[in-house]
Colleague: 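Got a structure for you, written out below as structure tokens; questions coming shortly.
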Number of protein chains: 2
Amino acid sequence: MEPKYLNEFDATMHMIQGKWKIMIMYELAETDERRFGELQHHIKDVSHKTLTNQLRELENDGLITRHDFKTAEPHVEYRLSENGKSLFPILDAICNWGDTHIDHKLIERSLCDE
Amino acid sequence: MEPKYLNEFDATMHMIQGKWKIMIMYELAETDERRFGELQHHIKDVSHKTLTNQLRELENDGLITRHDFKTAEPHVEYRLSENGKSLFPILDAICNWGDTHIDHKLIERSLCDE
DNA sequence: CCGTATCCCGGCCGATACTG
DNA sequence: CAGTATCGGCCGGGATACGG
């Protein structure tokens, strides 16, 4: 296995950067588990394909788990893993820093102040 | 001024993501101030142009300051701003999370364990 | 010593369409 | 309902060269 990241910062950043990843994780934090369609409905403007990609990456990085019920009508549920949950203090800190240091007019919708 | 970021997380992430930004900031944190050439020398593998870009972005986002001595021989110094310094608890948290949750074999050189 | 311009490549992500 | 494939645009960032 060869080094893939410059340092710990680089490695962690790769796991949380992605346009919708944080919103997916916050959504799962609030509701415990979500089906694919529910995520797509609650996360405004994300495309079908991109949501799939971000979910795959989160899953491959061990931040969420995926449960396929394998029924005739497709039914898949996503949840946060323990690793994923351990990231929340950092995610909250990032949101709060933005809230206090960045002009609110530049921000579409508040995420961390809910 | 129109909204530019999805939320506070998105906004903060834009300010700290960039392949070399964190290394620049850690370098400035250790040495208080650095000239352009010193940064380039201490940050292995960064290209001239890319270092310039990252410094400009950090400056435009108010995380560092730039002082041009305007002498015959060019002489420019970079420092952390107060805003920049206020990010360090978060940067450290990100590094430490990576240190404890990511396989060390994937990481080239430790950054936060110095 | 420091900055800027140009060219180029790879990756993210959106639109769309097709599958079971 | 959930996933996959293809196409295309945009942007970060590396190589290189030139300018003050």
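Naming: A, B, ... by sequence-line order, numbering from 1 per chain. Everything numeric here is computed off the predicted structure, so don't read it as measured data.
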Colleague: Is the distance from OP1 or OP2 of dG14(D) to the nearest side-chain N or O of Lys19(B) less than 4.0 Å?
Modeller: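 Indeed, a polar side-chain atom of Lys19(B) lies that close.
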
Colleague: Measure the acute angle between the ring planes of Trp97(A) and His101(A), then classify it against the limits of 30° and 60° as parallel, tilted or perpendicular.
Modeller: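 Ring orientation of Trp97(A) relative to His101(A): parallel.
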
Colleague: Check the phosphate of dA2(D) against Arg35(A), side-chain N and O only, distance under 4.0 Å to OP1 or OP2. Yes or no?
Modeller: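 Looking at the OP1 and OP2 atoms of dA2(D), one of them is under 4.0 Å from a side-chain N or O of Arg35(A).
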
Colleague: Closest approach to the side chain of Pro74(B), judged atom by atom: which nucleotide of dA2(D), dC1(C), dG13(D) is it?
Modeller: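 Out of dA2(D), dC1(C), dG13(D), the nucleotide with an atom closest to Pro74(B)'s side chain is dC1(C).
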
Colleague: Evaluate the ring planes of Tyr26(B) and Phe88(B), with Trp represented by its six-membered ring, and classify them as parallel (under 30°), tilted (30 to 60°) or perpendicular (over 60°).
Modeller: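 The rings of Tyr26(B) and Phe88(B) lie parallel, inter-plane angle below 30°.
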
Colleague: Starting the side chain at C-beta, find the nucleotide from dC2(C), dG14(C), dG3(D) nearest to Lys49(A).
Modeller: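 So the side chain of Lys49(A) is nearest to dG14(C).
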
Colleague: On DNA chain C, compare the nucleotides closest to Thr50(A) and Ala72(A); which residue's is nearer the 5' end?
Modeller: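 It is Thr50(A) whose nearest nucleotide is closer to the 5' end.
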
Colleague: Atom CG of Leu51(B) and atom P of dC2(C): how far apart are they, to the nearest Å?
Modeller: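 So the two atoms are 10 Å apart, to the nearest Å.
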
Colleague: Let me know the distance between NE2 of His14(A) and C1' of dG13(D), rounded to the nearest Å.
Modeller: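 His14(A) atom NE2 is separated from dG13(D) atom C1' by 12 Å.
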
Colleague: Please check if the side chain of Thr12(B) supplies one atom and the backbone of Glu8(B) the other of a donor-acceptor pair under 3.5 Å.
Modeller: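 Yes, Thr12(B) side chain to Glu8(B) backbone: donor-acceptor pair under 3.5 Å.
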
Colleague: How many whole angstroms separate atom NE2 of His48(B) from atom P of dC1(C)?
Modeller: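 It works out to 10 Å between those atoms.
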
Colleague: Write down the distance between CD1 (Ile43(A)) and P (dA2(D)), rounded to a whole number of angstrom.
Modeller: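 Computing the Ile43(A):CD1 to dA2(D):P distance gives 13 Å.
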
Colleague: So, does Arg56(A) get its side chain near the phosphate of dA2(D), meaning an N or O under 4.0 Å from OP1 or OP2?
Modeller: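 Answer no for this pair, as no side-chain N or O of Arg56(A) is under 4.0 Å from OP1 or OP2.
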
Colleague: Could you tell me whether Phe69(A) contacts a base, only the sugar-phosphate backbone, or nothing, with contacts defined as non-hydrogen atoms closer than 4.0 Å?
Modeller: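 The answer is nothing, as Phe69(A) stays clear of every strand by at least 4.0 Å.
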
Colleague: Report the C-alpha separation of Arg34(A) and Glu27(A) in whole Å, then their side-chain angles, then the decisive distance to 0.1 Å, and conclude whether the salt bridge (Lys or Arg N to Asp or Glu O under 4.0 Å) test is met.
Modeller: CA-CA 8 Å; Arg34(A) 278 293 200 200; Glu27(A) 189 65 26; 2.9 Å; yes

Colleague: Which nucleotide, dG3(C), dC1(C), dG3(D), lies nearest any side-chain atom of Arg66(A)?
Modeller: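 Nearest to the side chain of Arg66(A) among the choices is dG3(D).
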
Colleague: Measure CD/Gln17(A) against C1'/dG13(D) and give the value in whole Å, please.
Modeller: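 Rounded to whole Å, this separation is 14 Å.
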
Colleague: In whole Å, I'd like the distance from the CG atom of Asn60(B) to the C1' atom of dG12(D).
Modeller: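 After rounding, the gap between these two atoms is 16 Å.
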
Colleague: Round to the nearest Å and state the distance from Leu39(B) atom CG to dC1(C) atom P.
Modeller: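 Rounded to whole Å, this separation is 13 Å.
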
Colleague: Quick one about His75(A) and Asp68(A) (side-chain donor to acceptor, distance below 3.5 Å, no hydrogens or angles considered), yes or no?
Modeller: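 Note: Asp68(A) and His75(A) side chains miss the donor-acceptor criterion.
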
Colleague: Rounding to an integer number of Å, can you tell me how far Ile24(A) CD1 sits from dC13(C) C1'?
Modeller: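 After rounding, the gap between these two atoms is 13 Å.
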
